Amino acid sequence: MENHTVVPRHRRIILFPLPYQGHVNPMLQLANLLYSKGFSITILHTNFNKPKTSNYPHFTFKFILDNDPHDERYSKLPLQGMGSFARVLLFNECGADELRHQLELELSEKDVSCLVTDAYWYFTQSVADSLSLPRLVLRTTSLFCFPVFGSISLFHDLGYFNLSDNANMEEQVVKFPVLKVKDIIKTGFKLQTNSILSNMVKHSEASSGIIWNSFKELEEPGLETILRDIPVPSFLIPFPKHFTSASSSLLEQDRTFFPWLDKQAPNSVVYVSFGSVSQVDERQFLEIVHGLVNSEQTFLWVIRPGFVEGSTWLESFPDGFPGERGRIVNWAPQQEVLAHEAIGAFWTHGGWNSTFESVCEGVAMICSPFYGDQPLNARYMSDVWKMGVYLENGWERGEIANAIRKVMVNEDGKEIKERARNLKQKLNVSLMEGGYSYESLESLIAYINSF
Ligand SMILES: O=c1ccn([C@@H]2O[C@H](COP(=O)(O)OP(=O)(O)O[C@H]3O[C@H](CO)[C@@H](O)[C@H](O)[C@H]3O)[C@@H](O)[C@H]2O)c(=O)[nH]1
């Protein structure tokens, strides 16, 4: 899969990821893909959460915005958890001059064709405009989320954020019939979030085009309408099918469990991981532990440092847990795990990368979303693609065990797994010459070459 063939370099592309795992991964996968198509690559990055540059000797890295450790504006902001997102807001407010300076330097020395930035770096649009540099946007979630994120004011006007306790949460969402009102509540978005999201949407729509880590069949129904309403070209490229995200991991990946995984029967292990930012409290943690025990299935569980609030969680393990039936690791090479024949299902939080990596490997899912796009992904996964179970009622050991058994053991599971494999097959066909994904990549390259 990984192919860094040496070809004559075309023009340079400058890419600027948001400094979070779920955003760095797809941007560096895209960078590898563009490099494999002959472009030279410069990565602009904050010092905060920077990836291991030695894994990318073929790229040039420039560190910006929080370069000066003595700059109080940055040094006072939290480095961990959701609070660290304040950095992104600050950079959006005050990063324009520095970005312009960096871009001018690059433009004076090199033949730059365009800038690609994460959609949340919305301040970059006016800087790129002022330099007459085309800006492409990388949106790291699904396409079907985009108009939902742009409708927060509508949801507010409909009263979704002020519902009484006896309101019908199962009701279809106005404009988005696949979704239920409770999915919108679960995003956690409120009117306060509106300006970030609307800036993200507005400046993405003012760019030269949007690149999505996705593929056509996954975005149905409604793809045509969404594409028609976005005023700039869209390119749907399934990055995990071209490059893995292993080299942009911000945490050390444990590989010591592979000899154990290799010994497990095909389709017999549940892979459990909830992404790079979500956290549970000790009660929820205990429900996960007992849900796994009660499911009587073999599992590989990623417990990221900081995943459990509090420090006494190890004491919550029942005697003998996990024993031979499970392995617990800090962080894993996730895509490689999902591709392993022993994996029978993925219990995930439904972050877009995890969801999509599971789709790419044809692995059925159990989904426990936390917030943001995750409940929307979970709804599509269970009600549209029908390739898994959405744990809609939170963290309860009985429901967890039932959901795992439904996918892994019960008769229903066979159909669920079959649908997961079919979706993977559709994607593989779409990647072949003449297929939608193949053509989308070709047209992206032709588009960039036209700048
Ligand atoms: O042990 C692990 C666990 C995860 N990963 C990788 O980490 C990434 C996690 O990304 P994602 O599944 O999208 O989850 P988050 O880290 O939670 O991502 C944030 O960013 C995503 C993209 O915008 C959103 O969809 C999510 O809701 C948001 O929380 C994936 O590429 C995984 O392969 C590993 O490499 N090893």
Side-chain angles (χ1 to χ4, degrees), residues 4-19 23-24 26-71 73-74 87-88 90-139 199 203-211 232-233 235 248 444-451:
H4 299 303
T5 328
V6 180
V7 286
R9 297 288 112 199
H10 302 312
R11 303 172 72 198
R12 181 165 294 269
I13 299 178
I14 304 174
L15 299 101
F16 183 24
L18 203 77
H23 295 253
V24 172
M27 187 65 95
L28 288 176
Q29 285 170 305
L30 173 63
N32 267 334
L33 187 51
L34 294 170
Y35 183 84
S36 75
K37 294 289 176 186
F39 293 98
S40 302
I41 299 295
T42 294
I43 305 287
L44 296 182
H45 209 285
T46 57
N47 275 305
F48 168 61
N49 273 351
K50 65 180 171 199
K52 208 169 170 182
T53 54
S54 56
N55 287 344
Y56 298 94
H58 48 310
F59 295 169
T60 303
F61 278 85
K62 295 268 161 80
F63 295 99
I64 63 164
L65 295 177
D66 57 355
N67 252 340
D68 180 356
H70 305 297
D71 189 328
R73 286 175 308 176
Y74 308 136
R87 289 167 180 267
V88 172
L90 178 72
F91 298 153
N92 268 303
E93 276 168 30
C94 66
D97 287 345
E98 190 179 344
L99 178 68
R100 186 176 298 102
H101 174 65
Q102 286 294 342
L103 291 177
E104 278 169 347
L105 274 179
E106 286 284 292
L107 288 166
S108 67
E109 291 167 2
K110 294 165 188 136
D111 181 18
V112 178
S113 110
C114 64
L115 172 70
V116 183
T117 85
D118 192 281
Y120 276 117
W121 286 138
Y122 43 80
F123 79 99
T124 59
Q125 187 59 49
S126 58
V127 178
D129 286 345
S130 71
L131 296 168
S132 302
L133 182 64
R135 169 189 179 237
L136 292 172
V137 165
L138 171 63
R139 183 65 190 127
N199 270 325
H203 293 288
S204 295
E205 291 185 340
S207 72
S208 298
I210 310 179
I211 304 167
V232 293
F235 305 92
S248 53
L444 172 65
I445 302 305
Y447 190 53
I448 294 175
N449 280 326
S450 75
F451 292 145

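Nothing here was measured: the structure is a model prediction, and the numbers come from that model. Basis for what follows: all heavy atoms, side chains included, without hydrogens, waters or symmetry-related copies.
- In this structure, NE2 on H101 lies 4.5 Å from CG on L105, to the nearest 0.5 angstrom.
- Of the inter-residue distances, the one linking Q29 atom CD with L34 atom CG reads 12.0 Å to the nearest 0.5 angstrom.
- Using a distance-only test at 3.5 Å, with no hydrogens or angles considered, a donor-acceptor pair links the side chain of N92 to the main chain of Y122.
- With sequence neighbours excluded, the residues satisfying side chain to side chain donor-acceptor pair (under 3.5 Å) with R139 are T141.
- Under the 3.5 Å distance criterion, the side-chain polar atoms of D118 are left unmatched by any main-chain donor or acceptor of H23.
- Between S204 and V137, the closest heavy-atom pair is OG-CG1, 3.7 Å.
- Looking at W121 and L99, their side chains never come closer than 4.5 Å, going by heavy atoms from C-beta outward.
- The two atoms that bring P19 and N49 nearest to each other are O-ND2, 2.7 Å, heavy atoms only.
- Taking the side chain as every heavy atom from C-beta outward, F91 and D66 approach each other to under 4.5 Å.
- Pairs engaging residues 46-63 under the salt bridge (Lys or Arg N to Asp or Glu O under 4.0 Å) rule: K62-E106 [sequence neighbours left out].
- Within the model, atoms NZ of K110 and CD1 of I13 stand 14.0 Å from one another, a figure rounded to the nearest 0.5 Å.
- Residues that satisfy the salt bridge (Lys or Arg N to Asp or Glu O under 4.0 Å) test with D129, not counting sequence neighbours, are absent from this structure.
- Counting only heavy atoms from C-beta outward, the side chains of H58 and N32 approach each other to under 4.5 Å.
- Applying the side chain to side chain donor-acceptor pair (under 3.5 Å) test to Y56 and every residue at least two apart in sequence or in another chain returns S247.
- Taking all atoms of both residues into account, the shortest heavy-atom contact from C114 to L133 is CA-CD1, 4.0 Å.
- Between T53 and F59, every side-chain heavy-atom pair lies at or beyond the 4.5 Å cut-off.
- Side-chain contact check for I43 versus P17: some heavy-atom pair is nearer than 4.5 Å.
- Once rounded to the nearest 0.5 Å, the distance linking CZ of R11 with CZ of F39 reads 8.5 Å.
- Note that the CD1 atom of I64 and the CG atom of L44 stand 4.5 Å from one another [nearest 0.5 Å].
- Residues L30 and L15 have side chains in contact (heavy-atom distance under 4.5 Å, counting atoms from C-beta outward).
- Checked against ring pair (Phe, Tyr, Trp, His ring centres under 6.0 Å), Y447 has the following partners two or more places apart in sequence or in another chain: F235, F451.
- Annotation: side chain of I448 is in contact with side chain of L136 (closest heavy-atom distance under 4.5 Å).
- Side chains of L65 and R87 form no contact here, defined as non-hydrogen atoms less than 4.5 Å apart.
- Looking at residues two or more places apart in sequence or on another chain, you find a side chain to side chain donor-acceptor pair (under 3.5 Å) between T117 and T124, R135.
- Nearest heavy atoms, S248 versus L28: CB-CD1, 3.6 Å.
- How far CD1 of I41 is from CG of L33: 9.5 Å, rounded to the nearest 0.5 Å.
- Across all non-hydrogen atoms, the minimal contact from F61 to P51 is CE2-CG, 4.2 Å.
- When all heavy atoms of P134 and S113 are compared, the pair lying nearest together is CD-O, 3.6 Å.
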